[in-house]
Amino acid sequence: MPCTLLPPAASSATPATDPTKGATKIDKVHGRLSGLKVGQVKRLGNLYRRRVPPAAALTHDLARALTELSVDIGRGVSVLIDRRGRVVTVAVGDAADTPLPPPSGEATSRLYGLRLAHVHLKPTGLSGDDLTMLFLHRLDAVVAIEARPDGLPGRAHLAQVAPPTSQEEDWIVDAPMEVRELERLDFGERLRALEEEMARGVRARDVSRSSAERAVLVGLESGEGLLEAESRLEELAELVRSAGGTVAWSSLQQRSRADTKTLIGRGKLNELVSKAYHEDADLLVFDRELSPAQAREIESLTRLKVLDRTQVILDIFAQNARGREAQVQVELAQLHYQLPRLAGRGRAMSRLGGGIGTRGPGETKLEVDRRRIRDRIAVLERAVDEISQRRSETRKSRTAASTPVIALVGYTNAGKSTLFNALAKSDAVSRNKLFATLRPTTREGWLPGLGEYGARVLYTDTVGFIRDLPEELVNAFRATLEELNDADLLLHVVDAASAGVPERVDAVQRILDALGLEPPRRVVLNKADVADAEVLAGLQERYRAVAVSARSGSGLDDLKAALAAALQGPRRTPSGPEHAGAFDPAPAARSE
Ligand SMILES: Nc1nc2c(ncn2[C@@H]2O[C@H](COP(=O)(O)OP(=O)(O)OP(=O)(O)O)[C@@H](O)[C@H]2O)c(=O)[nH]1
Ligand SMILES: [Mg+2]
């Protein structure tokens, strides 16, 4: 537990040091000091010499010194006391004027090791601010002492954080008591009991849970419609699971406008901190890209690790990157994302020391030093150039061979790799995880309907897409994806069993357009074995597409026949009837 923490220098006010007493710079009085007399500030500074027996929450003596000073200066006075009973911070004003030392240790499972005692000049109990501060900073306790007009202490109000196992409450407030009673209270024992209960909760969860990070998800609906926002949030949950995390809680906030500073507003953030505490989560994941300033603000207000959707996607890519090419591309994307976000950020990140959002490809940790990042980006960019050069050479030799190339593209988890395996008799990785494939793989296959006797074709399996694909990734993977320009056909694989098929189809079309890919595109509806028959029929009509099940193999012969027709069609008569063949995407689908 911290016991020699210095208050942050930035929030300090007039020094009231006494060099003869060997006072150090911790003897600064913080808060609203303007207009106070030198003697008053000095007496405030003298509070640093006070001691409280470790087992007591507060002594009558110290309480009286606080109330006398408060009445004298007409403002509240607060002190922070550590576990050894020493006064480590003195401040003038409300609880919120008391600077707290930087947090240390895990945010959710332990107390801070500091208690706050402060004076209310009016006979009021603990304020909302007092309690929020208690909870957000995991203070050992917060004590408010009423000051009587004669300067003597009146009643005391004490509150402590509720153990996480109490699902309802964030704090427990004792009935008001006299300061003498407070002094007699075995505070040390109460603290021990509370910390034990907190630790027990954590241990119990450790046993029942894997090492997966537990996340609270935050979606925002601001005009796009509830269904759309819900489906995005579900997708975010899928992303978090693919990154190896567990979703502890999901919340959808409806706001007409996003809050510029915190996206969802302070009140909502506090609610989520409470949720995270009770659900034993230490991670907040936002379904939006957060600006560097927003991420910093939210992190400092919640003391939780804060990630946005892009970081989760980048993390999955980092975990799945196999082979030098993919690793270089992913690391480059991560560093580009990170660079503008470095300043002042990442306290919670480094404190929690790992997990989603901190991993680089190949189990390395991400760099956190700006200059080293710049150097590294330069190195990686050179590597990407070399890679794309090598790729274009291989491509040339392949084009010379003039074997038709069919590239499978589509939304992540649509079943591209499974279909690729079925068509090319290959064994590419197919998993029920997002972004299982990062490196394009090419294999030979045979199309019986092509030409007079059937012919060889090459199939390419590619990285999956997702709506709002992070720009950093599009750029990093540009070289890989540009290769798709050499394909004779882009086979757009669609998961017909998923929700929101048209939105996903559009998202993929948009990315293909943005990459300037020219080869003709054809849609194939996959997972016909699990898709709703009526929905499937509608989609077949809409996209004029063949339906298959890559898993069971049904429909594959039709698909091959259609592929052969498509490959032959446009070559002979680019605008002929074959071009609008069996599964040409309906114009309506493209123009949406
Ligand atoms: N029921 C059913 N499941 C399928 C079918 N095709 C693929 N899947 C499953 O869908 C999941 C994703 O398949 P993949 O082939 O890895 O998908 P992908 O499009 O390559 O995904 P990424 O590489 O992550 O973009 C796996 O669990 C597959 O077993 C199908 O026709 N029917
Ligand atoms: Mg795949």
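Throughout, residue positions are numbered sequentially from 1 according to the sequence presented. In each ligand, atom 1 is the first atom listed, and ligand 1 is the first ligand listed. When reading the values below, keep in mind they use all heavy atoms of this one structure, side chains included, and skip hydrogens, waters and symmetry mates.
Considering backbone and side-chain N/O of V463, none are found under 3.5 Å from N/O of ligand 1. Annotation: A550 places an N or O atom under 3.5 Å from an N or O atom of ligand 1; distance criterion only. For the pair T462 and ligand 1, the shortest N or O to N or O distance does not fall below 3.5 Å. The distance criterion of under 3.5 Å between nitrogen or oxygen atoms is met by S549 with respect to ligand 1.
None of the N, O or S atoms belonging to N413 lies under 2.8 Å away from the Mg ion (ligand 2).
Ligand 1 places these atoms under 4.0 Å from at least one heavy atom of G464: 25 (O). In summary, the atoms of ligand 1 found under 4.0 Å from a heavy atom of S417, numbered by their order in the structure, are 15 (O), 18 (P), 20 (O).
D488 places a side-chain N or O within 3.5 Å of a backbone atom of V405 that can act as its donor or acceptor partner. Of the possible polar contacts, none joining the E472 side chain to the Q334 backbone as a donor-acceptor pair under 3.5 Å is found. Judged purely by atom type and a 3.5 angstrom limit, Q568 has no side-chain atom pairing as donor or acceptor with the backbone of A566.
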Residues 523-533 side chain polar contacts: donor-acceptor under 3.5 Å, at least two apart:
{"from": "N526", "atom 1": "OD1", "to": "A550", "atom 2": "N", "distance (Å)": "2.9"}
{"from": "N526", "atom 1": "ND2", "to": "A414", "atom 2": "O", "distance (Å)": "3.0"}
{"from": "K527", "atom 1": "NZ", "to": "N413", "atom 2": "O", "distance (Å)": "3.0"}
{"from": "K527", "atom 1": "NZ", "to": "D495", "atom 2": "OD2", "distance (Å)": "3.2"}
{"from": "D529", "atom 1": "OD1", "to": "S549", "atom 2": "OG", "distance (Å)": "3.2"}
{"from": "D532", "atom 1": "OD2", "to": "E534", "atom 2": "N", "distance (Å)": "3.1"}
{"from": "D532", "atom 1": "OD2", "to": "V535", "atom 2": "N", "distance (Å)": "3.0"}

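The closest approach between any non-hydrogen atom of A414 and ligand 1 is below 4.0 Å.
Only the side chain of V530 comes within 4.0 Å of ligand 1, judged by heavy-atom distances. Neither the backbone nor the side chain of L419 has a heavy atom within less than 4.0 Å of ligand 1. In D529, the part holding a heavy atom less than 4.0 Å from any atom of ligand 1 is the side chain.
The OH atom of Y411 sits 4.0 Å away from the CZ atom of R467 when rounded to the nearest 0.5 Å.
None of D461, T462, T460 except one satisfies the side-chain hydrogen bond (donor to acceptor under 3.5 Å, both in side chains) rule with T442; the exception is T460.
Compare I316, T412, N413, D461 by their heavy atoms: the one nearest to atom 11 (C) of ligand 1 is in N413.
When the shell of 6.0 Å around CZ of R241 is examined, it contains more than 12 heavy atoms from other residues, nucleotides or ligands.
Listed by chain and residue number, R456 satisfy the side chain to side chain donor-acceptor pair (under 3.5 Å) test with E444 (two or more places apart in sequence, or in another chain).
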